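In what follows, a single structure is set out as structure tokens and then discussed.
Remember, predicted model here, so these are calculated numbers, not experimental data. Read the numbers this way: they start at 1 and go in the same order the structure lists the ligands and their atoms. In what follows, every heavy atom counts, from backbone to side chain, and hydrogens, waters and symmetry copies are set aside.
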Amino acid sequence: MTDTLIGNGTVVTLGTRNELIENGAVLVHEGHIQAIGKDVTLRQMYPDAEYVDAHDGLIMPGFLCAHTHFYGAFARGMAIPGDPPRNFPEILERLWWRLDKLLTLEDTRASAEIFMVDAIRSGTTSVVDHHASPNAVEGSLDVIADAVEQAGIRACLAYEVSDRDGLVVVADGIRENERFIRSLRAERKSQAEAGMISASYGLHASFTLSVATLERCAVGGAELGVGFHIHVAEDISDERDSTTRYGLRVVDRLEAGRILGPHTIAAHCVHVHSGEMSRLAETRTNSVHNPRSNMNNAVGRMPVEEMVRVGVNVGLGNDGFSMNMMQEMKVAYLLHKLALEDPRVMPGDMVINLGFQHNAHIMNAVFSPFSPSFPAVGEISVGAAADIVLLDYLPPTPLTNGNFPWHLIFGMDGHQVNSTMVNGRWLMRDRQLLTLDEARIHARARELSQALWNRM
Ligand SMILES: [Zn+2]
């Protein structure tokens, strides 16, 4: 593979280096970043590399999404029959648990493909997915993995086991997780070792998991050496269910059930109290903030700053909203200020830390069980993954490494991403998708989603 030298841009390294290099360049060698510096210097050092001109724009690490649901794509623009749902349990029962039951494997693939297009277009290069299709469980993770492989981004997959559809579907979900996890050490081994595909053991949420199911999954996950991916205290109803039925807060129930740990993702954590935060910190369990989803479902606000203060690694996800993580960052920045009526909370640099540094930690947690030498992501550094995006952003005010977060929040957005590279391979150049046929994907998805809406 020829080396690629991306130059004539402002390199935003983020990471511990956190530097801004004007007239900078990045050398990509075999999927990794090999050198960073001034354009003029690197051009002299690597005259044989293929030169890619960033046209004075930004050269920065790809965005990361630590919690999403590819299967939700067909809900865009869909009307829910009857009166609007009044609360989160009604949203689940009337929208999501009706939609997921109707998904076929073909719908699952098309739904994932919509998100792949969106991810590449908005510069999101690593994604953690949580899938449900209770009437088409077997093979669903393979269908998604094939779409991910075709697209060329990195993804960690999981099937959300739940008792909500009966014992047969529980068994299907367990089998699907375990079968897929095993395939990452067999037929998909090279893809997994390269850090392109990974898996967690998926669990829906405490309130839809029986004692027996939780126990069975704890044993399975431990045997397979993976962490879990579960919704935790997203709505107050999850805490009420757990305390009423088991006499334990949700996090305490999951800890007793051996679900927590450094490879586990506890998404949402809106209603956890301080004792639960300490348990998450102590067990080094990761958590993921999804502000757009939480606002949309009106479930409340994750106490992000408190969580971070007690030592929980809190990342950022989109919970099925668009893959444009800059939007998620902007909403994270605004939500807490309004909710707490305090403009000092959730400063821009903290938002950037959630989206890059903390999310990078989560990616390492979920990819490293299958990829022991999983490279650093979410930063431009020597040895890091060549997951790089180029943006048309000409700062109208001085841009420094110190004020970059506020430029991102107030002036940057997904439409400025013109090129996306993952693992040293261009997935989009000058807004042309190179691995996916967007027109075909969207046309097919429109047909399939219309058919699904009709079935609903
Ligand atoms: Zn979710």
Side-chain angles (χ1 to χ4, degrees), residues 64-76 85 87-101 103 108 111-112 114-115 118-119 124 126-134 140-141 144 155-162 164-165 173 177 199-209 227-239 241 250-251 254 259 264-272 280 285-302 304 314-323 325 327-328 331-332 335 354 359 362 366:
L64 314 169
C65 172
H67 177 74
T68 196
H69 302 280
F70 295 153
Y71 77 82
F74 285 5
R76 192 186 296 180
N87 52 39
F88 186 61
E90 284 192 12
I91 293 170
L92 290 179
E93 274 163 32
R94 295 193 30 216
L95 172 60
W96 298 112
W97 295 354
R98 286 176 69 192
L99 183 146
D100 67 11
K101 280 193 196 63
L103 291 170
T108 294
S111 206
I114 296 173
F115 273 108
D118 191 22
T124 298
S126 298
V127 176
V128 182
D129 187 55
H130 200 239
H131 177 66
S133 53
S140 57
L141 296 183
I144 300 170
C156 172
L157 308 184
Y159 188 88
E160 51 170 75
V161 175
S162 168
R164 67 178 182 259
D165 300 305
N177 275 313
S200 295
Y201 205 115
L203 299 169
H204 173 246
S206 170
F207 69 101
T208 73
L209 289 161
F228 298 88
H229 185 176
I230 181 170
H231 295 120
V232 173
E234 177 174 2
D235 184 52
I236 191 70
S237 54
D238 195 19
E239 288 287 7
D241 174 86
V250 172
V251 169
L254 296 178
I259 299 300
T264 288
I265 294 174
H268 296 296
C269 293
V270 170
H271 296 279
V272 294
L280 292 169
T285 305
N286 301 284
S287 185
V288 180
H289 183 35
N290 302 272
R292 284 184 293 181
S293 162
N294 294 162
M295 291 170 77
N296 185 47
N297 292 329
V299 291
R301 180 193 70 89
M302 183 206 242
V304 176
V314 180
L316 200 64
N318 64 28
D319 205 23
F321 269 68
S322 80
M323 280 289 158
M325 292 305 289
Q327 286 289 337
E328 204 69 51
V331 173
L335 160 63
L354 301 185
N359 269 1
I362 293 176
V366 297

* Evaluate the side chain to side chain donor-acceptor pair (under 3.5 Å) criterion for residues Asp235 and His271: first the C-alpha distance (whole Å), next the side-chain angles of each, then the deciding distance (0.1 Å), finally the verdict. => CA-CA 7 Å; Asp235 184 52; His271 296 279; 4.7 Å; no
* **Ring center gap for Trp96 and His204 short of 6.0 angstrom** => no
* To do: State yes or no: are the ring centers of His231 and His229 separated by less than 6.0 Å?
  => no
* Hey, mind stepping through Phe321 and Gln327 against side chain to side chain contact (heavy atoms under 4.5 Å, CB included) and telling me if it holds? -> CA-CA 10 Å; Phe321 269 68; Gln327 286 289 337; over 6 Å; no
* To do: Quick one: sort the Phe228 and Tyr201 rings into parallel, tilted or perpendicular, breaks at 30° and 60°.
  => tilted
* To do: Using a cut-off of 2.8 Å, find all protein N, O or S atoms closer to the Zn ion (ligand 1) than that distance.
  => His67 NE2, His69 NE2, His231 NE2, Asp319 OD1
* Aromatic plane relationship, His130 with His67 - under 30° parallel, 30 to 60° tilted, over 60° perpendicular -> tilted
